[in-house]
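See below for the structure under consideration.
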There are 2 protein chains.
Amino acid sequence: MSKISFKPMYQQVYESLRSRMASGELAPGTFLPSENVLAEDYGVSQGTLRKAIDRLAADKLVVRYQGKGTAIALIDSDEALFRFFRLVHSDGHKLLPSSQVLGAESGQAGEDEGKALAIAAGDMVFRIHRLRMLDGSPAIDEKITVPCAAFPGIDELTTDHVPNTLYNYFQERYGTTVCRIREHLIAKGATAGTAKRLEVRAGHPVLQIRRVAYDLNDRPVEYRVMLCLTDHVHYDADLKR
Amino acid sequence: MSKISFKPMYQQVYESLRSRMASGELAPGTFLPSENVLAEDYGVSQGTLRKAIDRLAADKLVVRYQGKGTAIALIDSDEALFRFFRLVHSDGHKLLPSSQVLGAESGQAGEDEGKALAIAAGDMVFRIHRLRMLDGSPAIDEKITVPCAAFPGIDELTTDHVPNTLYNYFQERYGTTVCRIREHLIAKGATAGTAKRLEVRAGHPVLQIRRVAYDLNDRPVEYRVMLCLTDHVHYDADLKR
DNA sequence: AAGTGGTCTAGACCACCTT
DNA sequence: AGGTGGTCTAGACCACTTT
């Protein structure tokens, strides 16, 4: 073994478990084998194995229940929407946007989409266009692009059957877990189309959020552009060093 | 001992070390006693003590050097500016803004400032107004408010002597370590004054970032409003779950 | 009672830095 | 050589959940 490739055991175990989750061998919602069993399997002590699971738990890929076991995290349930949703009402109260799907159809990836999703321009993608409301008035004009190759059969979705918690759908139907997103924010004037949908004049300042979502293998699985009216809402970022 | 107040030893040690850092007893840039010594002091095993320091290291409050010891993190040096600075050039290359101080004077806190800094409106504050440039053209119109009570003597700063890495200055002169910031982002049209300074027309869309910075005791120590031209720059947010 | 995760210990060996 | 942090082990005891 060459020296530069040395990795601590707990890291190897961490990576192994993580890739077994990525491959679908360990499915969301099920329980891991107990720490004793896993330690035996990997031929390490329980302490070393715990250190690996500590990292998975810190990543929130896994949830521990004392006395019961360790479960592979599900993205759905209670806070499905809010894990990656940083837009909050300025009054502090929660913000549960209803949404109205304006379109859902497949097409060929453009320049931007291809680059964001690490596919070739022209590859098949599926697009969802949706308008999210807040307190009854339109607040977010949202366009979502997803590579068909990663989600076979997704192009059969119709406007009336787009799930409103998409990441939950990815996980349940495709075993794809979104575990990281990256967002680029700028301020710009609303285009004519966006302005009409948001019921403001063209050029009205809107917050543009360009998001790329990554799965457990660090591959981009979704590209999303949101144009937000921030008159009664703001983007909340909390940076701990 | 009542049951509900039970805390694991490693957490007690973590909190103790953290508060000793907050009080200035453990100063930034110095080294902690060795793990063996600390374990002895606290009457715990080395493993338990390591777990406490693991958390401090995860918080980046402390840096470990194998063979040398564990140092209390300094905020200055190389990446002082970029730890909390999320604005990056759209071309990807780094962005080192030069700044031009437009004003630095004390005054009384207004409504917003008081609420953000958890002080009463009317309490003395010190304000810095500064314009940051990017590639030679103005890009950020920045107003900073700091409570005088937390930084005695800061009102003696003059326009020509405002340090450009403020958090570094807080730490070196006052022993105050900014360890967390919270930012609220919205898009809005530039006011007349801002527009003039940024050399755009009034109403031009700008990204407004309202930041509150917190010290180790979780007390707000700075309030900052940045108005950013995002024509060649964007705000970069990375959310791992 | 048996199994699970949660805490804590004592000790071994290693890699790295300093003297 | 001696001290520091980094890894790993084996075992103890506890709290919680299930059977």
Roughly how many Å is it from CE in A/M9 to C1' in C/dC14, rounded to a whole number?
-> 15 Å

From CZ of B/F31 across to C1' of D/dT4 the rounded distance in Å is 10 Å

Just by distance, with hydrogens left out, do A/Y167 and A/E222 show a side-chain donor and acceptor under 3.5 Å apart?
-> yes

With a cut-off of 6.0 Å (strictly less than), are more than 12 heavy atoms of other residues, nucleotides or ligands near CZ of B/R173?
-> yes

Would the number of heavy atoms belonging to other residues, nucleotides or ligands and lying under 6.0 Å from CD of A/E40 be above 12?
-> no

Check whether any side-chain N or O of A/T48 sits under 4.0 Å from OP1 or OP2 of D/dT7, and answer yes or no.
-> no

Pick out the pairs of N or O atoms, protein on one side and nucleotides 3-6 of chain C on the other, that lie under 3.5 Å.
{"residue": "C/dG3", "atom": "N2", "partner": "A/G67", "partner atom": "O", "Å": "3.0"}
{"residue": "C/dT4", "atom": "OP1", "partner": "A/S34", "partner atom": "OG", "Å": "3.4"}
{"residue": "C/dT4", "atom": "O2", "partner": "A/G67", "partner atom": "N", "Å": "3.3"}
{"residue": "C/dG5", "atom": "OP2", "partner": "A/E35", "partner atom": "N", "Å": "2.8"}
{"residue": "C/dG6", "atom": "OP2", "partner": "A/R50", "partner atom": "NH1", "Å": "3.1"}
{"residue": "C/dG6", "atom": "OP2", "partner": "A/R50", "partner atom": "NH2", "Å": "3.0"}
{"residue": "C/dG6", "atom": "OP2", "partner": "A/R64", "partner atom": "NE", "Å": "3.3"}
{"residue": "C/dG6", "atom": "O4'", "partner": "A/Q66", "partner atom": "NE2", "Å": "3.2"}

State whether the number of non-hydrogen atoms from other residues, nucleotides or ligands found under 6.0 Å of B/Y65 atom OH is greater than 12.
-> no

Let me know the distance between CZ of A/F6 and P of C/dC14, rounded to the nearest Å.
-> 12 Å

Once you round it to whole Å, what is the distance between C1' of D/dG5 and CD1 of B/I72?
-> 16 Å

Is any side-chain heavy atom of A/L185 closer than 4.5 Å to a side-chain heavy atom of A/Q208?
-> no

A/N168 side-chain N/O to A/T165 backbone N/O, donor-acceptor pair under 3.5 Å = no

Whole Å only: how far is the CG atom of B/L38 from the C1' atom of D/dG3?
-> 15 Å

Could you give the CG-to-P distance, from B/L49 to C/dT7, as a whole number of Å?
-> 16 Å

